[in-house]
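See structure below.
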Amino acid sequence: MKNKKKTDLRVLLPVCIVLPLLAILAGGLIFSLVTGGPAPVGEAYLEAMTAKDAEGVLEMYHGGMLSYLQKNAGETMTKIAARFEDRLNAWYEKSFASCGENVTFTYELSEKESVDEATMADLEEILGDGVSDAVVFKGTITATGNAGSNTVTHWVQLVKVDGNWYLYNLQMLV
């Protein structure tokens, strides 16, 4: 009779938690390296929001920001991502359900403002010395469908870390 080797759950559990987090962090790094400034990241964020692409939005966060959130919330990234997906779907329904079917979107970023010193200090504390800039855009999303159109405003908060731009709005994820 052959002895089957049992897998220790203490080894398997961290792998199930760490691998998805690493995938999100790697996606965020790749996304950030492809973009050239805050505006393309802001526009990609608005597009991902209206596509209800929760995973795509999460990839736009710096890994240090997500680690900070996990540590302070005391939750796994899986739980945070699931809650965000639920909130994203609810936001979409509230904002665009009245537009009907075949909805198309247009996006506009305006009113770019640098953040105050306190916000910069908070971002530097969370993300370290690589933080060099942070901005907030007013994002206007207009949806048009077969039942009408609707325009909503969504603030886009971005931070520049080591030359790359990322989202930093944690309120969406808690």
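Count residues from 1 along the sequence. Please read all numbers here as calculations on a predicted model, not as lab measurements.
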Between side-chain atoms of residues 109-120 and protein atoms elsewhere (two or more places apart, or another chain), which donor-acceptor pairs fall under 3.5 Å?
{"residue": "Asp116", "atom": "OD1", "partner": "Ala118", "partner atom": "N", "Å": "3.3"}
{"residue": "Asp116", "atom": "OD1", "partner": "Thr119", "partner atom": "N", "Å": "2.7"}
{"residue": "Asp116", "atom": "OD1", "partner": "Thr119", "partner atom": "OG1", "Å": "2.8"}

From Tyr61 atom OH to Ser67 atom OG, the distance as rounded to the nearest 0.5 Å: 14.0 Å
Side chain to side chain contact (heavy atoms under 4.5 Å, CB included) assessment of Thr50 paired with Phe96: CA-CA 9 Å; Thr50 56; Phe96 307 119; 4.2 Å; yes
Residue pair Lys71, Leu69: steps toward the side chain to side chain contact (heavy atoms under 4.5 Å, CB included) verdict: CA-CA 5 Å; Lys71 180 181 174 187; Leu69 175 62; over 6 Å; no
Minimum heavy-atom distance Val159-Tyr168, with the two atoms named: N-CD2, 3.7 Å
Side chain to side chain donor-acceptor pair (under 3.5 Å) partners of residues 153-163, not counting sequence neighbours, each pair once: Tyr45-His154
Smallest separation among heavy atoms of Gly64 and Ile126, with atom names: O-CG2, 4.1 Å
Separation between CD of Glu108 and CD of Glu43, rounded to the nearest 0.5 Å: 10.0 Å
Side chain proximity check, Leu58 to Met77, heavy atoms < 4.5 angstrom: yes
Separation of Glu85 CD from Leu88 CG (nearest 0.5 Å): 7.5 Å
Which atom of Ala134 lies closest to which atom of Leu123, heavy atoms considered: CB-CD1, 3.6 Å
Approximate separation, where rounding is to 0.5 Å, of Tyr68 OH and Leu127 CG: 10.0 Å
Cys99 SG to Asn150 CG distance, which is reported to the nearest 0.5 Å: 5.0 Å
Nearest-0.5 Å distance that lies between atom CG in Leu46 and atom OH in Tyr107: 7.0 Å
Side chain to side chain contact (heavy atoms under 4.5 Å, CB included) between Gln70 and Ile80, intermediate numbers included: CA-CA 8 Å; Gln70 284 182 279; Ile80 292 167; 3.9 Å; yes
Audit row: Thr76, Lys79, side chain to side chain contact (heavy atoms under 4.5 Å, CB included) steps and yes/no: CA-CA 5 Å; Thr76 65; Lys79 186 172 182 175; 3.6 Å; yes
Aromatic ring proximity Phe84/Trp91, centre distance under 6.0 Å: no
Tyr92 to Met49 - nearest heavy-atom pair and separation: CD1-O, 4.4 Å
Close side-chain approach of Asp53 to Glu55, heavy-atom, < 4.5 Å: yes
Taking every non-hydrogen atom, the tightest pair across Phe137 and Pro38: CE1-CB, 3.8 Å
Least distance between heavy atoms, Lys52 atom then Glu93 atom: NZ-OE2, 4.2 Å
Identified side chain to side chain contact (heavy atoms under 4.5 Å, CB included) counterpart of Leu158 within the set Val136, Val41, Asp133: Val41
List the atom pairs, donor and acceptor, that lie under 3.5 Å between side-chain atoms in residues 138-147 and the rest of the protein, sequence neighbours left out.
{"residue": "Thr142", "atom": "OG1", "partner": "Thr151", "partner atom": "OG1", "Å": "3.0"}
{"residue": "Asn146", "atom": "OD1", "partner": "Glu101", "partner atom": "N", "Å": "2.7"}

